[in-house]
Amino acid sequence: MVDEFRDAFQRLIDASVAADPREFPSAVNRVLALASRIPVSERELALEALAPLLTGDHAAPGITADLCVVAGALVEMGTDPGPSGPEVLRRLRAIGRGAIVFARAWQRTGGGHPPDPDSVTADDEARVAGDLGADAPGATMCWWTVARHGLAAKTMLSRPGVRSHVRSDPTLHAELVAVTNQLGDHLPDLHQVRALLRMAEAGSALILDRRSGRAFRVLFDGIGDNFQLHTLLADALVGASGRGLDGEPPDPRWVRAFRDGEPDPAARTVRGWWNLVAHDGTWVWNEGVPAEIPTLRGEHVVVLDEQPYPRSWNARRRHPQVRGWLEVEEELTEEEADLWWKRVAPAEPAIPDPTDDATPIPEPILAGDDHGAERIRGFLPPEPDPVRAAEPPPQAPPGPAPTPLIGEPVPRPEPSRPEPRRTGDPSSGGTGLPPLPPGVSNSSAWGPTWR
C-alpha cells in the first residue's frame, strides 16, 4: 500500500508541474483514496515534499490552489502540517492581496456583490480591466483561487503548530488579519480564518482570585471564547482536583467537551463560577475571546469576582475542530500576588448600583435547545456561524479604505505555460472521502475557462 501511495503521489507532483489536464484530477483522487490507509509518517513525508509546490512558483495558479486543498485534506486525516502549514498561509496572504484589488475594482466599476470565485467569467475580467488595465488578469486569477486558499488556511490554523508559527511572525499575522478583515464579508470561510488568527494572539494569562487573594499564571491554547476559558479555569483551579479554590468543580463531561471531546447530551448546560473582571474593573464577557482581555505590564489579567447573577452556557467548543487545553504554569508567591493586587481596580459590588449605568448588566446566557455540535471538517459544508463576540478595533480598516498591503504590485501568478482548457471529468469517482470543493475533482473548474 505504501508503494502504491508513493507512486500515486509522484504522479500528482508530475501532473502538477506539467499542468497536465488529463492526469491531475485522477492523481488527486488516487492520492486521497490511499492516504487514509497508510502510516501517518508516510503522509508527513508527502506533505513535506508538497510544500515547495505550494509557493506558486512551480505550478499553475489553479493547480496550486488545489494542492493547498489536498494538503488540508491530509492534515484533516491527522497528519502534522509540517512546512506546508506556514506555506499555505503565506500563499493566502499573496493571493488575498490580489483578491482585494479585484474586489475594489469591482466596486469602482459598477458595484454590487463580486461574483462567486468559482464562477468567474471572461466578462468579469473585462469589467475590472477598465479600472486595472494590465493588472486585471492577475487580480482576476487571485479572486478565482482565493476561496480555496482560505479553505486550506482554515484547516491549517486549526493545528497548534501552525498557530504557534503565526504567533512568532507578527508581520504575517498582521497581513493575514488585514486580508481577512477586507474579504470576510465576501468569503465566509475567511471569517473563521480571522477567528483562528485571534486565537493565536493570546496563550497565557494572570489569574487573581478575589476571595482567597491567591494568584496564578496559566498557559492555554485552542481557546475559542471565554466560555471555554471560564470552564477550563474552573477545572484547573476549583476543588481538590485543582488548586483548591472554593466552589464545585466542573462536571468532567463539560471539561471534555471544551478540550477535545464531543458534547454530552446528558451534560449540556454549564453553570458559571465567577464574574470575570479585567485589571481596570471592566467586565470580561464570556462571549468574547482571550485576546480581547486587557493587558497590564504585558499580561492578560483576569480577576475572579463573585457572580452578580447565575450564568449558564452550552458545553461545546466554538471551533469543534480545534483541541483546547489550559494548565497552571505556577502559583505566585504571596508577595508577588500582593504586588499585583495593588495594580488592579478594587472590588465592585456584585450587583452595580442601578443609578450608575457605567456597568450595564447583560442578559444571562441560557442554554437553549441548541443543535448538537458536529465535527467540522474543512471540506464539509460549514456549520452555522457561532455567536460572534464584538471585535476590538481591527489592525487594518475594513471595506474600501486604503491599506498599506495594496501598495505593492498586484501578484501575478500567471503560469509559465498556460493551463489548458478541459472538458469531461476523468476523475475515478468515489474515494471514500467527503467530496472535495470545486477545483479538485470537478474538471470544469480545474482551469479558468476564459484563459
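When reading the values below, keep in mind they use all heavy atoms of this one structure, side chains included, and skip hydrogens, waters and symmetry mates.
- With hydrogens and angles disregarded, no donor-acceptor distance shorter than 3.5 Å links the side chain of Glu336 to the backbone of Leu332.
- Stacking of Arg148 on the aromatic ring of Trp144 is recorded, both the 6.0 Å distance cut-off and the 45° axial limit being met.
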Between Val322 and Arg317, does a side-chain contact (heavy atoms from CB on, under 4.5 Å) hold up when you go through it step by step? CA-CA 8 Å; Val322 180; Arg317 302 188 300 285; 5.6 Å; no

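- With hydrogens and angles disregarded, a donor-acceptor distance shorter than 3.5 Å links the side chain of Gln107 to the backbone of Gly112.
- No side-chain donor-acceptor contact under 3.5 Å links Glu87 to the backbone of Pro83.
- Shown here are the salt bridge (charged side-chain N to carboxylate O under 4.0 Å, His left out) partners of Glu48, two or more places apart in sequence or in another chain: there are none.
- A donor-acceptor contact shorter than 3.5 Å is absent between the side chain of Asn314 and the backbone of Arg316.
- Not a single donor-acceptor pair under 3.5 Å links the side chain of Arg268 to the backbone N or O of Pro263.
- Checking side-chain atoms of Arg91 against main-chain N and O of His149 turns up no donor-acceptor pair under 3.5 Å.
- Remark: the Gln192 side chain and the His319 side chain contain no N/O donor-acceptor pair separated by less than 3.5 Å.
- Pairs of residues two or more places apart, or lying in two chains, that qualify as salt bridge (charged side-chain N to carboxylate O under 4.0 Å, His left out) and include a residue from residues 216-226 are Arg163-Asp221, Arg167-Asp221, Arg217-Glu299, Arg217-Glu330, Asp225-Arg318.
- A donor-acceptor contact shorter than 3.5 Å links the side chain of Trp143 to the backbone of Pro115.
- Of the possible polar contacts, one joining the Arg159 side chain to the Val75 backbone as a donor-acceptor pair under 3.5 Å is found.
- The backbone N or O of Lys154 lies less than 3.5 Å from a partner atom in the side chain of Ser158, making a donor-acceptor pair.
- Looking only at atom types and distance, the side chain of Thr121 has a donor-acceptor partner in the side chain of Asp124 under 3.5 Å away.
- Counting only distance, with no hydrogens or angles, the side chain of Ser84 and the backbone of Leu47 share no donor-acceptor pair below 3.5 Å.
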